[in-house]
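Worksheet for the structure shown next.
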Amino acid sequence: MSDSKKSIAVLGIGQFGFQLSIALTQKGFDVLAIDDNADIIDEVKELVTQAIVVDSTDEKAMRSINIDTVDVAVVAIGSDVESSLMTTALLQRMDISDIHVRYINSLHESILASMGIRNLVSIEREMGTQFANTLASDKVGRYISISDHHALMEVQVPKPLVGKALKELHLRSQYRVNIVGIKTRVPSVNDDGEVSFSVKMTDVPDPSYPLSKDDYLVISGTDVNLKRFIKVGDINA
């Protein structure tokens, strides 16, 4: 796999894993699709960077394909909770730091959480393409497709906009995106002096509110304009 692109392994090529693999490949990532079903791998092999028939619970087989060299691993296994957990544990043993795991039920979720997995995915099969958009940018939170070319997205306030008020920015005229709301982290202190944060959603933002680096803007627009707005954060980063 290429060294110049971010590499992502998708383990478990069901309907979700299939869509996710293709969507990430289309976005320019090096995608390694892994499944123990040869027929499924045969279907996806022409649509991704690389597709390999491997039992993801077999440590020797996994090491033989250098799975430990990928940047991100997504365990997309559907109904087999045992295989999902074994695969996840194996990826952890191989010191892959960025692991995303799809969970099937609340027990599966709690076990993964106890294993220290922080990137937990609960998503329907048709949402594979949308989840790809979340992985595609560290600045992006939730992404909800409204139509083929329009979406609603949470995006961290780009650095050049921190400290500025909405009324100064003219986002609609300059970037052709609409601000639907602002998510703000609100600190609170308990009796022991420990600080915790809750998230407050403001759906009618005050035009004079100065944006914080920890705020997330909830914006809507076309995919093209949303992507252009995200790149504002790359200026003077």
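- I179 contributes atom CD1, which lies 8.0 Å from atom CG of L211 (distance to the nearest 0.5 angstrom).
- Looking only at distances, no side-chain donor or acceptor of N66 sits under 3.5 Å from a matching main-chain atom of T69.
- In this structure, S56 and D35 have side chains that are not in contact, with every pair of non-hydrogen atoms separated by 4.5 Å or more.
- Within the 4.5 Å cutoff, the side chain of M94 has heavy atoms near those of the I67 side chain.
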Side chain to side chain contact (heavy atoms under 4.5 Å, CB included) between L90 and D58: does it pass, once the steps are laid out? CA-CA 8 Å; L90 185 54; D58 184 332; over 6 Å; no

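- A donor-acceptor pair under 3.5 Å is absent between the side-chain atoms of T25 and the main chain of V48, judged by distance alone.
- The shortest non-hydrogen separation linking A33 to V44 is CB-CG1, 4.1 Å.
- Residues S83 and M86 are not in side-chain contact: their nearest non-hydrogen atoms beyond the backbone lie 4.5 Å or more apart.
- For S64 against A61, the heavy-atom pair with the smallest separation is OG-O, 2.5 Å.
- Between I34 atom CD1 and I52 atom CD1 the span is 6.0 Å, to the nearest 0.5 Å.
- In this structure, the separation between CD1 on I77 and NE2 on H108 is 8.5 Å, given to the nearest 0.5 Å.
- Counting only heavy atoms from C-beta outward, the side chains of V180 and I219 never approach each other to under 4.5 Å.
- Looking at Q174, its side chain never comes within 3.5 Å of a backbone N or O of L171 through a donor-acceptor pair.
- Using a distance-only test at 3.5 Å, with no hydrogens or angles considered, no donor-acceptor pair links the side chain of T87 to the main chain of S84.
- Using a 4.5 Å heavy-atom cutoff, the side chains of L161 and F229 are in contact.
- Put simply, CZ on R102 and CD on E109 are 13.5 Å apart, with the number rounded to the nearest 0.5 Å.
- Between atom CD of residue Q19 and atom CD1 of residue I13 there is a gap of 11.5 Å, rounded to the nearest 0.5 Å.
- Between V81 and Y103, the closest side-chain pair of non-hydrogen atoms is not below 4.5 Å.
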Full working for side chain to side chain contact (heavy atoms under 4.5 Å, CB included) between Y209 and T184: CA-CA 11 Å; Y209 170 75; T184 306; 3.7 Å; yes

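- With D98 as the partner, the side chain to side chain contact (heavy atoms under 4.5 Å, CB included) test is satisfied by one option alone out of L91, V74, N119: N119.
- Contact between L120 and I117 at its shortest, heavy atoms only, is CD2-CG2, 3.6 Å.
- Between the side chain of Q156 and the main chain of K213, a donor-acceptor pair closer than 3.5 Å is present.
- Expressed to the nearest 0.5 Å, how far CD of E46 lies from CD1 of I22 amounts to 12.0 Å.
- P207 and A165 make their closest contact through O-CB, 3.5 Å (heavy atoms, listed as atom of the first residue, atom of the second, distance).
- Taking 4.5 Å as the limit, every side-chain heavy atom of D95 sits out of range of all side-chain heavy atoms of D68.
- Among all heavy-atom pairs drawn from A73 and L11, the shortest one is CB-CD1, 4.2 Å.
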Stepwise side chain to side chain contact (heavy atoms under 4.5 Å, CB included) check, Y216 with V157: CA-CA 6 Å; Y216 271 76; V157 173; over 6 Å; no

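- Of the possible donor and acceptor atoms, one in the side chain of Q92 sits under 3.5 Å from a partner among the backbone N and O of M115.
- Taking the side chain as every heavy atom from C-beta outward, V54 and M62 approach each other to under 4.5 Å.
- Across H170 and S173, no two heavy atoms sit closer than the pair O-OG, 3.1 Å.
- A distance-only check finds a donor-acceptor pair linking the side chain of D215 to the backbone of S212 [under 3.5 Å].
- A side chain to side chain contact (heavy atoms under 4.5 Å, CB included) with I8 is found for one member of D71, L32, L20, V72 and no other, namely V72.
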